2 protein chains.
Amino acid sequence: MKHEITAGEKPAEEIYFPKDIKKTKQRVEIFRILSTASRPMSAAEIYQCLIKTMEGTNFAISTVYRGLAVFEEKGYVTKSTWMGTETYCYEWNQGRHRHYAVCLKCHKLVPLESCPFEHAKIHKLGDDFTVTGHKLELYGFCRECKGKALDGKCGIK
Amino acid sequence: MKHEITAGEKPAEEIYFPKDIKKTKQRVEIFRILSTASRPMSAAEIYQCLIKTMEGTNFAISTVYRGLAVFEEKGYVTKSTWMGTETYCYEWNQGRHRHYAVCLKCHKLVPLESCPFEHAKIHKLGDDFTVTGHKLELYGFCRECKGKALDGKCGIK
DNA sequence: CCGTAATTGCAAATGAGTTGCAATTGCAAT
DNA sequence: ATTGCAATTGCAACTCATTTGCAATTACGG
């Protein structure tokens with residue numbers, strides 16, 4: 001299922017449309033947009049891209065939601081929210097999970113290079129809870145917003 | 001502002017209505033409910049408590065939202081969402097921040113005893129981002145829901 | 001007790017996300 | 001290639017949490 005690997009090189013791992021999901025042109029577009037996106041996107045953002053790409057074709061936002069739900073159910077997409085926003089964002093799972101720092105002013109997401117829990121043992125909570133995953137979110141201000149952090153609304157005080 | 005401390009004892013730290021917020025009977029009730037709650041509550045849950053306590057008085061859910069917004073603005077309340085729910089929950093800030101494990105089935109929140117980052121140094125992100133805080137969320141299944149985890153919808157796969 | 005600004009209740013609006021349904025499409029079997 | 005049928009789609013109407021406009025009420029300093 002992986003691309004052929006040329007010795008000594010580190011090819012971008014190519015991502016194919018999942019074989020266990022029925023292919024439709026709408027889903028293929030959603031897949032294309034999300035799997036090549038460099039950051040999590042909201043359904044509305046994906047829809048906007050879709051409209052541009054598919055000019056002439058009709059497209060419903062509900063199709064986007066339904067498609068994303070299918071991808072999520074099968075584990076190809078992760079859906080989450082971040083501090084300071086009210087809408088869900090969707091991210092194509094590239095093998096390992098990711099964490100972000102989210103700017104409280106402009107809501108930009110800065111990916112963390114590694115997961116601080118990769119080798120930690122917070123997964124022990126006694127018998128009371130079986131941990132299957134975690135979500136970590138740093139927040140603060142990105143370089144551009146720092147300094148003007150006190151102007152206007154920041155989503156948090 | 002703190003309660004008198006009797007030697008050798010560990011008194012429950014008493015919480016008073018913030019002096020920098022205008023007192024109204026509605027806000028006092030919201031304060032009372034939230035500051036004595038053992039877990040984050042949604043606006044609707046707070047509203048339900050309010051209705052019970054204040055039988056006879058009229059009460060609007062919008063007042064709850066507005067009150068919570070005031071408390072949050074001044075830093076007395078933290079508002080967040082957890083995986084698998086769509087509504088915000090509000091928590092009275094008792095000095096230090098808290099993290100939770102959230103059950104993907106029943107949505108129960110189990111508080112973590114300590115913050116794994118208390119002494120860690122993930123707060124360094126180079127010059128690109130100034131971290132002011134973080135949010136950690138473990139997810140999985142609580143004791144009661146484990147075992148029946150595969151029945152019905154779990155909010156995640 | 002009065003005056004005024006802040007707060008409230010109410011009802012209507014918002015906005016993300018969902019759903020029912022009839023029309024369309026994908027695709028496997030012919 | 002054509003057919004048949006279940007899955008998917010577009011659409012419009014809906015849900016539900018949260019917000020907002022506004023007139024009436026309340027808190028609180030003078």
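Here the structure is a predicted model, which is why all the values come from computation and not from measurement. The chains referred to below are lettered A, B, ... by the order of the sequence lines, with proteins before strands, and numbering in each begins at 1.
For the pair Lys79(A) NZ and dA16(C) P, the interatomic distance rounds to 14 Å; values are reported in whole Å. Rounded to whole Å, the distance from CD on Glu45(B) to C1' on dT18(D) is 16 Å. For Met54(B) and dT8(C), the CE to P distance is 11 Å, given to the nearest whole Å. When rounded to the nearest whole Å, the span between CD1 of Ile21(B) and C1' of dT26(D) equals 18 Å. Summarising the geometry, the separation between CD1 on Ile46(B) and P on dA17(D) is reported as 14 Å, rounded to the nearest angstrom. If you take CD1 of Ile51(B) and C1' of dC10(C), they are 14 Å apart, rounded to a whole angstrom. Going from atom NZ of Lys74(A) over to atom C1' of dA7(D) covers 13 Å, rounded to whole Å. As rounded to whole Å, 16 Å separates atom P of dG15(C) from atom OH of Tyr47(A).
No side-chain donor-acceptor contact under 3.5 Å links Glu72(B) and Tyr88(B). Thr81(B) and Thr81(A) share a donor-acceptor pair across their side chains, judged by distance under 3.5 Å alone.
For dG17(C), neither phosphate oxygen OP1 nor OP2 lies less than 4.0 angstrom from any side-chain nitrogen or oxygen of Ser62(A). One finds a side-chain N or O of Asn58(A) lying less than 4.0 angstrom from the OP1 or OP2 phosphate oxygen of dC11(D). Contact annotation: Gln26(A) side-chain N/O to dG10(D) OP1/OP2 distance is under 4.0 Å. Put simply, Arg27(B) has a side-chain N or O that comes within less than 4.0 Å of OP1 or OP2 on dT7(C). Within the 4.0 Å cut-off from OP1 or OP2 of dT18(D), at least one side-chain nitrogen or oxygen of Tyr65(B) is found.
The pairing partner recorded for dG21(D) is dC10(C), the criterion being a Watson-Crick or G-U wobble arrangement whose two distances lie under 3.5 angstrom.
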- Task: Go through the steps for Trp82(A) and Tyr139(A) under the test ring-ring contact (aromatic ring centres under 6.0 Å, His included), then give the verdict.
- Result: CA-CA 9 Å; Trp82(A) 279 271; Tyr139(A) 46 86; over 10 Å; no
- May I have the step-by-step check of side-chain contact (heavy atoms from CB on, under 4.5 Å) for Ile33(B) and Tyr90(B), ending in yes or no? CA-CA 11 Å; Ile33(B) 291 167; Tyr90(B) 301 82; over 6 Å; no
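The residue among Val64(B) and Lys22(B) whose nearest nucleotide of DNA chain C is located toward the 5' end is Lys22(B). Nearest-nucleotide mapping onto DNA chain D: of Ala44(B) and Lys23(B), the residue sitting toward the 5' end is Ala44(B). Heavy-atom nearest nucleotides on DNA chain D were determined for Ile61(A) and for Glu86(B), and the one closer to the 5' end corresponds to Ile61(A).
Looking at Arg66(A), its side chain comes within 3.5 Å of the base of dG10(D) through a donor and an acceptor atom.
Ring geometry for Phe71(A) against Phe17(A) counts as perpendicular: the plane angle is over 60°, on a 0 to 90° scale with 30° as the lower cut.
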